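Being a predicted model, the structure only gives us computed values, none of them experimental.
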Amino acid sequence: MTGSGGARTRLLVLCLLAGVAGLAGCSSIDQSLGGGPAQPPANATAEAAPPMAPAAPEAGPPGTAAPPPPAVTAAPAPPPAAAAMAPVTIQPGTDTGTTVGRTLAGLRTELQAVASKVAADAQRLADLKTNSAQATATYQQTTGNIQTRLAAGTSPGNPELIGQWNTAQSALDTITGNINALSKLAGEIAGDSSNAHGTYDRIQAAYNLSGGVDEDQRQLNLLSDEASQTMIVSDRLKRDATQSIPRQTAYVANERGGLTTLASAIRTGDYTGAVTGAPAATVATADSVPPPAGTPIVTIKFGRARAAYEKTLYAALSQALTSQPKASFSVVGIAREPTRVAENGAERDAKAVMHTMGEMGVPATRMEVSAATDPAVSASEVRVYLK
């Protein structure tokens with residue numbers, strides 16, 4: 001699906017992810033739909049669905065193994081390394097021999113441990129961001145090469161393009177792994193930020209201690225400033241990490257759908273053939289063809305406004321493939337009268353639904369589209385059946 005439908009799917013993808021770990025790439029839809037949500041009631045509509053990892057395109061001639069991923073023709077320039085935040089230096093103190101001085105020595109040791117952990121967090125965050133930037137550059141370069149070859153024309157199932165497609169998917173998987181690591185790191189950073197705030201509060205409480213000398217006061221002021229800097233750095237790291245997770249998650253979810261489109265184009269050898277990702281099918285437009293027998297796994301009603309059906313469709317596909325991993329699907333556009341199939345947009349709607357299924361990871365070879373008539377319907381609708 002293109003336009004607002006595809007954008008809606010991508011914009012709302014985060015609402016459906018149970019956790020960052022759910023983004024792990026799969027080599028096929030059978031793996032990606034292992035634990036789908038419960039089946040919704042038929043004819044329901046919903047908002048969106050997360051794109052699943054697409055299945056790799058199939059090679060053209062039978063028995064021809066795809067070669068290992070070829071080197072990208074022009075290696076992308078490595079992005080600049082993400083700089084870690086400068087660590088806060090905790091100055092040593094002198095022993096004044098007072099009770100206040102001994103308390104400050106303990107607080108200084110505590111602050112040094114917190115500052116050291118925050119500095120390590122900053123370096124790990126910078127490393128993850130740099131690694132993701134490099135993987136993104138590889139992904140964009142590789143998919144750009146594939147699109148260029150397809151636009152110029154190539155043979156269906158070109159094994160060179162299949163190898164490059166696998167390279168692109170591997171780069172997305174790298175980003176996904178970094179998101180999972182980033183999610184874990186964000187939890188640690190949140191804990192370290194809480195510790196920094198606690199240490200700062202204890203240092204402020206030391207101002208109420210009695211029995212100190214002027215040197216104790218000087219060291220306390222310095223320690224307070226260092227604790228404040230550590231707290232600020234930890235808060236910035238926490239904000240940076242938590243903001244990076246949904247941004248990178250949305251990027252990967254969007255590009256998974258793009259890989260599905262490229263897989264369809266590689267199979268056909270024609271980039272324009274990836275618009276719907278559908279195999280050749282004859283769509284009934286004039287004959288009075290009744291709907292298939294049986295109960296559809298989902299029915300999508302189309303009125304004047306665009307139907308928001310992606311979440312419901314995703315849930316139905318998940319449950320169907322959980323029980324029948326090798327299932328295929330028939331997508332049927334339903335109109336009230338034979339002559340109204342095309343006029344009511346039933347054929348168009350059926351193709352749009354099938355394209356959305358492709359973006360969710362259903363291979364084009366396991367879908368077919370058709371049209372039928374049903375006098376009982378009041379407006380065009382699309383029904384998805386298990387074949």
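Residues Leu223 and Val118 are members of one and the same hydrophobic cluster, defined by side-chain heavy-atom contacts under 4.5 angstrom among Ile, Leu, Val, Met, Phe, Trp and Tyr. Hydrophobic clustering keeps Val88 apart from Leu222 (ILVMFWY residues linked when any side-chain heavy atoms are closer than 4.5 Å, directly or through intermediates). Ile232 and Tyr200 fall into different hydrophobic clusters, defined by Ile, Leu, Val, Met, Phe, Trp and Tyr side-chain heavy atoms under 4.5 Å apart, directly or through other members.
The distance from atom CD1 of Ile266 to atom CZ of Arg149, rounded to the nearest 0.5 Å, is 10.0 Å. Put simply, NZ on Lys387 and CZ on Arg366 are 11.0 Å apart, with the number rounded to the nearest 0.5 Å. With rounding to the nearest 0.5 angstrom, the CG atom of Leu172 is 9.0 Å from the CD1 atom of Ile179. The CG atom of Leu259 sits 4.0 Å away from atom OH of Tyr139, with the distance rounded to the nearest 0.5 Å. Going from atom OG of Ser370 over to atom CZ of Arg383 covers 11.0 Å, rounded to the nearest 0.5 Å. Taking CD of Gln91 as the start and CG of Leu111 as the end, the distance is 11.5 Å to the nearest 0.5 Å.
Using a 4.5 Å heavy-atom cutoff, the side chains of Ile297 and Gln319 are not in contact. Residues Leu185 and Leu125 form a side-chain contact, since some pair of their non-hydrogen atoms from C-beta on lies under 4.5 Å apart. Counting heavy atoms from C-beta outward, Ser234 and Asp192 have side chains that stay 4.5 Å or more apart. At a threshold of 4.5 Å between non-hydrogen side-chain atoms, the residues Asn145 and Gln141 count as touching. The closest side-chain heavy-atom distance from Ile203 to Leu220 is below 4.5 Å. Residues Gln219 and Thr96 have side chains in contact (heavy-atom distance under 4.5 Å, counting atoms from C-beta outward). Within the 4.5 Å cutoff, side-chain heavy atoms of Arg247 are placed close to those of Ser244. Looking only at side-chain heavy atoms (C-beta outward), Val298 and Tyr309 stay at 4.5 Å or farther from each other.
Partner Val382 forms a side chain to side chain contact (heavy atoms under 4.5 Å, CB included) with one of Ile334, Val332, Leu313, Asp349 and no other, that one being Asp349.
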- Would Asp240 and Lys129 count as a side-chain contact (heavy atoms from CB on, under 4.5 Å) if you check the C-alpha gap in whole Å, the side-chain angles of each, and the deciding distance to 0.1 Å? CA-CA 11 Å; Asp240 191 359; Lys129 293 174 68 175; 3.1 Å; yes
- Take Val100 and Tyr207 through the side-chain contact (heavy atoms from CB on, under 4.5 Å) test and state the conclusion after the steps. CA-CA 9 Å; Val100 174; Tyr207 279 101; over 6 Å; no
- Item | Criterion side-chain contact (heavy atoms from CB on, under 4.5 Å) on Thr99 and Leu209, from CA distance to verdict | CA-CA 9 Å; Thr99 301; Leu209 297 176; over 6 Å; no
- Message: If you apply the rule side-chain contact (heavy atoms from CB on, under 4.5 Å), what do you find for Asp214 with Arg218, and how did you get there?
- Response: CA-CA 6 Å; Asp214 289 346; Arg218 186 194 70 80; over 6 Å; no
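For Glu381 and Thr299, the side-chain atoms include no donor-acceptor pair closer than 3.5 Å. Between the side chains of Glu160 and Gln164, no donor-acceptor pair is found at a separation under 3.5 Å. In this structure, a donor-acceptor pair under 3.5 Å is absent between the side chains of Asp225 and Gln229.
Looking at Thr322, its side chain does come within 3.5 Å of a backbone N or O of Ser318 through a donor-acceptor pair. Without hydrogens or angle criteria, Asn180 side chain to Gly177 main chain gives no donor-acceptor distance under 3.5 Å. For Ser193 (side chain) and Ile189 (main-chain N/O), no donor-acceptor pair under 3.5 Å exists by modelled atom type. The closest donor-acceptor contact from the side chain of Thr199 to the backbone of Asn195 lies under 3.5 Å.
Residue Ser224 comes nearest to Gln204 through the heavy atom pair OG-NE2, 2.7 Å, listed as atom of the first residue, atom of the second, then distance. Taking all atoms of both residues into account, the shortest heavy-atom contact from Gly101 to Asp216 is CA-OD1, 3.5 Å. Considering every non-hydrogen atom in both Thr230 and Ala196, the closest pair reads CG2-CB, 4.3 Å. Nearest heavy atom pair, residue Ala186 against residue Ile245, reads CB-CD1, 4.0 Å. Contact record, Ala320 with Phe329: CB-CE2, 4.1 Å, taken as the closest heavy-atom pair. Nearest heavy-atom pair across Ile90 and Ala115 is CG1-CB, 4.0 Å.
The salt bridge (charged side-chain N to carboxylate O under 4.0 Å, His left out) analysis of residues 177-188, with sequence neighbours excluded, yields the pairs Lys117-Glu188, Arg124-Glu188.
Remark: Arg256 engages Asp173 in a salt bridge, criterion side-chain N to carboxylate O under 4.0 Å.
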